[in-house]
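The figures that follow rest on heavy atoms only: side chains count, while hydrogens, waters and symmetry mates do not. Given the structure is predicted, the values throughout are model-derived calculations rather than measurements. Start at 1 and go down the list; that is how both ligands and their atoms are numbered.
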Amino acid sequence: MFDINTLVRKNILSLVPYSSARDEYKGEEAIFLDANENPFNTPLNRYPDPQQTKLKKRIAEIKGLPVENIFLGNGSDEAIDLLIRVFCDPGTDNVISIKPTYGMYKVCADINQVEFREALLNKDYQADIQLLLSLADNRSKLMFLCSPNNPTSNSLHRNDILLLIRKFSGLVILDEAYLDFSANRSLISELSSFPNLVILQTFSKAWGMAGIRLGMAFASRDIITLLNRIKYPYNVNVLTQRAALDHLQESAGKDAWVNMILDQRGWLQKELEQLAMVRNILPSDANFLMVKFDDPGKVFEYLIGKKIIVRDRSKVPLCEGYLRITVGSPGENQRLINTLQDLLS
Ligand SMILES: *Cc1c(COP(=O)(O)O)cnc(C)c1O
C-alpha cells in the first residue's frame, strides 16, 4: 500500500501552517476589520483569497476534476519548488529526471540542496526506463518527467510514463506544459489510479497568460493538502486571479490560438526545410521547433543582429547544433524565414 506520509519530510508533517485572516473567515459581504488592510482603493486593498476558491471551481469544471485535487501557484515553477520542499530533506534525499529537459527542476533541486540525478534520453529522445529506475535508491523521492519535453519537443511514450509511475516508489511529476500542442491525451484521467502521480500544467503557453504567472498541479487530495500547507498564504495575487477568471469565461479563445499555432508550426517547418543551411528539424508536439544548423552560433548571432531572438540549445546534450525556435504569429514567422533567406544570398 502506498503511504504518502512515508515520503514527506518530518518537519513538514509536524508543521503548524500560518493561518491567515482570510482563512479563518471565508464569507463575503462583510465589514472586514480583521487583516489590517486599508479600507480605501477597492478592490486592490484586499488580500487575495488564499484558496483561490472561485478560480479553482472554474478550473475544476474545465478539467473535470474535483477542487480538492487542484493546486494553483505562481507559475508551475512554484509547484516544482514546493514539491521538492515538501518531500526532499536537503543533503539527504535525491530526485531523478530525464536529460535534457526543462531547467527549473535542477535549479530548484540545487537551491534546496537536493541531489539531482539525470538519465540521458535515448537516441529517439525517449526515456531510458532501466537507467531511470537504476538511479533510484531509498532516498529518491521524486521523478520529474516532461511530455511533450522541452527542449526536445517530442512526447514521451504513454506506456513508458505509466510503467515508471508503477515501478518508481516515490512521486512521478509529469509536466504537461505543452500538452495542448500535441494530439495526446493528458494523464489527468489516470490520477485516480495513481496516488503517486502529480501532473503540472500552466497558463503560460496555450492559454497565452505567461505574464500573470499561474501554474496548476493536479494530484491526490493528500498531496494537494501538503502543497497548500507550505505555500505562501497569498501566493496567487488579486490581479492574477481576476485576469484568469475573466479569461476562462471564453475558453474558445485558447482552442483558436492553438489551431493557429499548429497551422503555423506546419508552415514554418516546411519553409525551414527548404533552406540549405537547415540540417534537420525534430518532430514537434509543442509550440516550438528544434532546428539543426551547420553553424548554429553564427545563425543565432545573425538573427540577434536582425532583432529576432531564438534560444541557442546547441550545447545541450543530444541537441548539439540545434536552435529552439518558438512558433510566433504569421507575420513573425514570415519575417524569420525572410531573414534566414537573406543570410543565404
Ligand atoms: C514553459 C514551461 C513551463 C511553464 O512554467 P510557468 O512557471 O508556469 O510559466 C513549465 N514546464 C515546462 C517544461 C515549460 O517549458
Q: Would you find more than 12 non-hydrogen atoms of other residues, nucleotides or ligands less than 6.0 Å from Arg242 atom CZ?
A: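 It does not: Arg242 CZ has 12 such atoms or fewer within range.
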Q: What is the ring orientation for Phe288 with Tyr178, classed by angle as parallel under 30°, tilted 30 to 60°, or perpendicular over 60°?
A: perpendicular
Q: Report every pair formed by an N or O atom of ligand 1 and a protein N or O atom separated by less than 3.5 Å, giving atom names and the distance to 0.1 Å.
A:
unit_1: ligand 1; atom_1: 7 (O); unit_2: Ser76; atom_2: N; d: 3.0
unit_1: ligand 1; atom_1: 7 (O); unit_2: Asp77; atom_2: N; d: 3.3
unit_1: ligand 1; atom_1: 7 (O); unit_2: Asp77; atom_2: OD1; d: 3.4
unit_1: ligand 1; atom_1: 7 (O); unit_2: Asp77; atom_2: OD2; d: 3.4
unit_1: ligand 1; atom_1: 7 (O); unit_2: Arg213; atom_2: NH2; d: 2.7
unit_1: ligand 1; atom_1: 8 (O); unit_2: Ser76; atom_2: N; d: 2.7
unit_1: ligand 1; atom_1: 8 (O); unit_2: Ser76; atom_2: OG; d: 2.8
unit_1: ligand 1; atom_1: 8 (O); unit_2: Thr202; atom_2: OG1; d: 2.6
unit_1: ligand 1; atom_1: 9 (O); unit_2: Ser204; atom_2: OG; d: 2.6
unit_1: ligand 1; atom_1: 9 (O); unit_2: Arg213; atom_2: NH1; d: 2.8
unit_1: ligand 1; atom_1: 9 (O); unit_2: Arg213; atom_2: NH2; d: 3.3
unit_1: ligand 1; atom_1: 11 (N); unit_2: Asp175; atom_2: OD1; d: 3.3
unit_1: ligand 1; atom_1: 11 (N); unit_2: Asp175; atom_2: OD2; d: 2.6
unit_1: ligand 1; atom_1: 15 (O); unit_2: Asn150; atom_2: ND2; d: 2.9
unit_1: ligand 1; atom_1: 15 (O); unit_2: Tyr178; atom_2: OH; d: 2.7
unit_1: ligand 1; atom_1: 15 (O); unit_2: Lys205; atom_2: NZ; d: 3.3

Q: Where do Gln201 and Asp180 land on the side chain to side chain donor-acceptor pair (under 3.5 Å) test, with the steps shown first?
A: CA-CA 10 Å; Gln201 292 187 1; Asp180 295 271; over 6 Å; no
Q: Parallel, tilted or perpendicular: which one describes the rings of Tyr102 and Tyr105, with boundaries at 30° and 60°?
A: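 Rings of Tyr102 and Tyr105: perpendicular, over 60°.
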Q: Which value, rounded to the nearest 0.5 Å, describes the distance between Leu55 atom CG and Met216 atom CE?
A: 9.0 Å
Q: Counting only heavy atoms not in Phe116 (residues, nucleotides, ligands), do more than 12 fall under 6.0 Å from its CZ?
A: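 Check passes, neighbour count above 12.
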